[in-house]
Every structure is written in C-alpha cells, then in structure tokens.
Amino acid sequence: MTLFLVTVEHTWRRSLQVRVVTLTLVVSSLLVAVFAYVVAYRSSTILLNRAEQTVTAQMESGRRFTGEQLAVFGKAYEPNVQGTMQDIVAYLGGGDAQEPSSGLVVVRADAVELTSVQSRAVKDENLREVLGTDITTAVGDGAEATAIRSADLGAGRAKYLVKGAPVRTKFGQVELYYIEPLTTQDSAATQIRTTVLATGATLVLLLGLLAALVTRLVVRPVRVAARTAQRLSAGLLDQRMAVTGEDDLALLAASFNQMAANLQRQIIRLEDMSRLQRRFTSDVSHELRTPLTTVRMAADLIFAERDRFPADVSRTAEILQTELDRFESLLTDLLEISRYDAGFAMLDAEPTDLVPLVHRAVEPLRGLAERCGADLRVEVPATPVIADVDPRRVERILRNLVGNAVEHAEHRPVDVRLVSDGVAVAVAVRDRGVGLKPGEEKLVFNRFWRADPSRARQTGGTGLGLSISIEDARLHGGWLEAWGAPGQGAQFRLTLPVRAGDRLTASPLRLVPEDAELPAVLPPAQPRAITQAPAEVPR
C-alpha cells in the first residue's frame with residue numbers, strides 16, 4: 001500500500017496530463033451527480049404531485065357521491081345502510097377490484113358495526129398499517145390528511161399514497177379513504193434516475209477521454225521541449241525541436257529553436273573568449289618568466305652590491321628588489337589561477353601531520369606581526385593531527401589567512417587554532433581589527449577585491465590570495481568561510497575532510513567566535529557568516 005501511494009504521488013507530481021484528466025473527471029462527476037440528483041428529485045416530485053392531484057380529484061368526487069347516497073338515511077341502523085356503503089365502495093373502487101395495481105377505497109363509519117369496508121380482500125392488520133393512527137385520528141377529528149406509506153396489501157411490499165377525508169351524513173360522520181399505489185411512479189422515477197446516471201457516466205468518460213486527448217496535444221510538445229532543454233543543459237547545443245504546422249505549438253517550437261540557436265552562439269562565443277583569455281593569461285605569465293629571470297639576476301647583483309653605491313642608488317636597489325618580489329608573486333598567482341580556470345589543477349594528497357604544517361605557515365609571518373604590533377598566538381593539539389591533504393596548498397592557504405589577519409589586526413592579538421574530531425579538521429584564524437561590514441563576507445574571496453583600497457599595506461599583496469585559497473579548499477573537498485563584524489574583527493575557518501574524498505557535513509570549530517557580540521536577532525538581509533562551498537552547509 002505504501003509503495004502504491006508513493007507511486008501515485010510520484011505520478012501526480014510528475015504528470016500534468018494525469019492531473020488535468022483527474023481534475024476533469026472529478027469536477028465533471030460532481031456536476032453530473034448534482035444534475036442527476038436535481039433531475040431525479042424533480043421527476044419524483046412531479047410524479048408524486050400528479051398522483052396527489054389525481055387522488056384529490058377522486059376524493060372530491062367520492063365525497064360528493066358518498067354524501068348523495070347516504071343522504072336518504074336518517075339512522076345508522078337502518079337495514080340498507082351497510083349494503084349502500086358496500087355499493088359505494090364498489091362504485092368508487094371501479095375496474096377490477098382484485099387487480100393489485102388498482103387503487104383501494106375504504107369507507108369507515110363508527111356508528112356502523114362494520115368498521116371498514118374495502119373493494120378487495122385485505123387483512124385488517126395490513127389495512128391498519130397503511131392507514132395509520134395519525135391519518136385516522138385526523139380524519140376522525142373532521143380534517144383531511146395525506147401520507148405516503150410502505151406496506152404489503154397482497155401484491156408485495158410497495159409504496160402507497162393514502163388520503164382520507166370525512167363525509168357528513170344525517171346519522172353521523174363517515175370516513176372515506178383512498179389508497180393509491182405508487183408502483184408506476186416509482187418505476188418511472190427509477191428509470192429516469194438510471195437513464196440520467198448512465199448518460200452522466202458516459203458523459204464523464206467522454207469528457208475524461210477528451211481531456212486526455214487535448215492535454216496530450218498540449219503536453220507532448222512541452223515534454224519534447226523539456227527533453228530538448230535537458231540535452232541543451234547537458235552540453236548538446238545542437239539539439240532542436242521539430243516544427244510541425246503553423247499553430248501556437250509550432251510557434252513555441254520555432255521560438256525555442258531560435259532561443260537555442262542564439263544560446264549556442266553566445267556560449268560558443270563566451271567559450272572562445274574565455275579560452276583566449278586563459279591562454280593569454282597563461283602565455284603572458286610564461287613569457288614574462290624569461291625577462292623576469294634576467295631582471296631578477298641583475299637586480300640581485302645590484303642589491304648585493306648596494307652598500308658600495310650612493311644612498312639614493314642603494315635605496316633604488318632596495319625598492320627594485322621589493323617590487324620584483326611582488327611582481328614575481330603576482331606572476332605565480334596568475335599562473336595558479338590560470339590552472340584553475342583551465343581545469344588543470346591537480347591535488348597531490350598524502351597523509352600529513354597538520355601541527356608542524358601550521359607552524360611552518362605561521363613562523364615566517366612573525367616578523368610581520370612584530371612590525372604590525374600584533375601578538376601572533378598558535379593553539380594546536382599536543383598529539384599529531386593526520387589528514388590526507390596537499391601540504392603545499394594547505395600551507396599556502398594558511399599563509400594567506402594569517403597574513404591577512406596580521407595586516408588587519410590593528411595592533412591586537414591574532415589567534416590560530418587547529419582542531420580535529422576524527423572526521424574533519426578545521427583551522428580558524430581570528431583577528432580583532434576593523435572587521436568586515438555586512439555583506440563583505442561575500443566579497444572577500446573575489447579576485448583583486450580589497451575591503452579598504454586606500455589602506456596602507458605591509459606586504460603588498462596581489463589581491464589573488466583568498467581567491468586561490470578558496471579554490472585550494474574546494475579542490476580538497478573542503479570549506480573556506482568568513483565571518484566579520486565592524487569593530488569586532490574577523491575570523492576565517494578552513495575545514496577539510498580527514499580522509500580524501502569524504503563529504504563534509506559539519507565542522508569541529510564554530511564559524512562565529514565565542515567572544516563575538518552579536519545582536520539578539522540577526523537581520524536576514526545582512527548575514528554575518530557565509531558558506532563558500534556550494535554543495536554543503538556547515539553547522
């Protein structure tokens with residue numbers, strides 16, 4: 001049953017045709033049911049009204065005839081009273097008194113010993129059941145009464161229309177009752193209901209079939225368009241829809257094909273431009289290596305002999321050496337970015353102890369931390385933390401994070417923490433400088449982006465460090481995330497799986513520092529923390 005329900009739900013959600021046909025059948029069934037009820041009710045009402053009118057007319061005629069026949073008698077015990085009453089019943093009953101489908105006439109007189117006289121043999125108990133105490137009491141009180149009874153009067157159980165009325169005579173009141181069978185009316189009403197239901201069911205089926213055909217005509221091109229769009233999204237840019245006719249669906253197919261052709265041209269153009277751009281960046285970076293090496297050799301020679309030159313020449317040699325270092329770093333970063341853009345970056349993962357790796361990344365930056373007045377503090381476990389990583393790339397990530405933290409520390413401490421839970425390993429770099437404004441967490445990983453371009457820098461970075469770092473993190477299957485708040489500093493968290501190829505579900509370190517002061521309700525339009533990995537959401 002569960003599998004059946006799941007299959008039905010899946011079909012309902014996936015098939016527009018099934019939904020349209022089902023809704024058509026349900027709505028048309030409701031309309032037909034209401035129509036059938038109204039028709040059957042009205043038919044039954046009309047037939048019953050006609051039967052009542054007929055019985056009422058017979059009652060008026062019977063009352064006059066009975067009154068005329070009994071008007072000659074002054075006493076109830078006269079010899080001919082009972083015989084006259086039998087003649088009245090025989091006359092009013094009419095036709096064959098033994099025919100089950102004919103009406104039944106009953107005349108009752110309390111003053112006469114014979115309390116009931118009828119036109120055919122009927123048991124007294126059945127007659128009392130049909131008349132009922134409510135009708136006999138009402139007629140006995142001098143009023144007319146009408147009711148519908150279900151009883152067996154010798155022809156099987158059936159419905160009867162019972163109408164009673166009093167007749168005034170000189171010797172008292174005589175009760176006259178007409179019992180008319182409703183067999184013909186019931187049969188006619190049943191036939192009408194059956195005809196209406198059969199016609200309605202046929203109409204519903206025809207409407208369902210028509211809805212299925214019409215929906216198929218509309219849904220089939222849409223399904224073809226969906227399959228063609230899926231092929232286009234998979235990279236098969238030459239896929240097109242077949243155009244048949246000149247109607248709206250043909251116009252849709254032609255418009256879709258035109259859109260696909262334009263999209264193909266634009267994608268090919270962008271791919272060519274991107275390929276040329278990547279090739280240009282790579283070629284320029286490689287071509288600059290040769291003259292840079294020559295200039296580097298000459299600059300190193302001049303820098304080594306700077307003490308023998310005048311002060312201004314010596315200072316120029318130092319500036320030249322610094323700018324060459326920055327230029328070489330920029331070329332290295334451009335080459336790395338070009339590898340990522342071309343999809344040629346490879347991960348050389350190996351089991352590595354991250355404790356000494358963190359120290360190797362931090363120690364070269366202690367001199368910079370002293371110049372910036374920042375206390376560089378490292379917190380690592382006492383035992384080895386082994387993970388399958390590329391040591392060169394992870395060390396580069398940590399150098400970029402620690403260098404940025406020292407640059408923006410504002411003479412305050414910078415903390416580096418390493419934590420592992422056996423499944424994932426995380427390194428958090430926390431500074432307490434100016435921090436990040438709302439929304440800047442989304443921009444720090446963009447290429448060549450700087451929070452404050454007018455700010456004096458100590459290291460002369462290229463603006464590509466964090467962009468390369470997040471690509472290195474993604475290459476490991478990890479996360480690189482940022483948090484920041486104005487006046488409270490920032491924290492960057494690197495989370496990597498312990499085993500290469502594992503999927504991360506959580507990080508052993510919080511992204512928001514414990515000492516951060518956050519408002520009670522965080523505005524949804526200004527998030528303080530973002531996730532830079534597109535596939536997973538960290539805890």
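A quick note: this is a predicted structure, and the numbers were derived from the prediction, not measured. One is the number of the first residue; the rest follow in order along the sequence.
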Would you say CZ of Arg19 has more than 12 non-hydrogen atoms from neighbouring residues, nucleotides or ligands within 6.0 angstrom? yes
Would you find a donor on one side and an acceptor on the other, under 3.5 Å apart, between the side chain of Thr136 and the backbone of Thr133? yes
No-hydrogen, no-angle side-chain donor-acceptor test under 3.5 Å, Arg240 and Gln264: yes
Donor-acceptor pair, distance only, cut-off 3.5 Å: does the side chain of Gln491 make one with the backbone of Glu481? no
Test item: Asp388 side-chain N/O and Ala349 main-chain N/O as donor-acceptor pair under 3.5 Å: no
Begin with the C-alpha distance, continue with both residues' side-chain angles, and end with the deciding distance and a verdict on side chain to side chain contact (heavy atoms under 4.5 Å, CB included) for Leu504 and Thr495. CA-CA 8 Å; Leu504 291 177; Thr495 307; 3.9 Å; yes
With a 4.5 Å limit on heavy-atom distance, are the side chains of Tyr178 and Leu92 in contact? yes
What do the steps show when you test Val498 against Val423 for side chain to side chain contact (heavy atoms under 4.5 Å, CB included), and what is the final call? CA-CA 5 Å; Val498 171; Val423 177; 5.5 Å; no
Does the pair Asp272/Arg269 count as a salt bridge with the N-to-O cut at 4.0 Å? no
pair Leu70-Thr84: side-chain heavy atoms closer than 4.5 Å: yes
Using 4.0 Å as the upper bound for N to carboxylate O, is an ion pair formed by Asp238 and Arg231? no
Just distance, no hydrogens or angles: give the donor-acceptor pairs under 3.5 Å from side chains in residues 29-41, sequence neighbours left out.
from: Ser29; atom 1: OG; to: Leu25; atom 2: O; distance (Å): 2.6

Find out whether Phe492 and Phe445 are in side-chain contact, i.e. whether some heavy atom of one side chain is under 4.5 Å from a heavy atom of the other. yes
If I compare all heavy atoms of Leu509 with all of Ala428, which pair ends up nearest, and what's the gap? CD1-CB, 3.7 Å
For Met59 and Leu176, what are the C-alpha separation, side-chain angles and deciding distance, and is it a side chain to side chain contact (heavy atoms under 4.5 Å, CB included)? CA-CA 8 Å; Met59 177 63 72; Leu176 178 62; 3.8 Å; yes
May I ask you to test the Val429-Arg493 pair for a side-chain heavy-atom distance under 4.5 Å? no
Would you call Arg63-Glu68 a salt bridge at under 4.0 Å N-O? no
Checking Thr24 against Val204 for the side chain to side chain contact (heavy atoms under 4.5 Å, CB included) test, could you report, in this order, the C-alpha distance in whole Å, the side-chain angles of both residues, the deciding distance, and whether it holds? CA-CA 8 Å; Thr24 302; Val204 168; over 6 Å; no
How about Glu144 and Val139: do any of their side-chain heavy atoms sit closer than 4.5 Å? no
Between Thr146 and Lys163, do the side chains contain an N or O donor and an N or O acceptor separated by less than 3.5 Å? yes
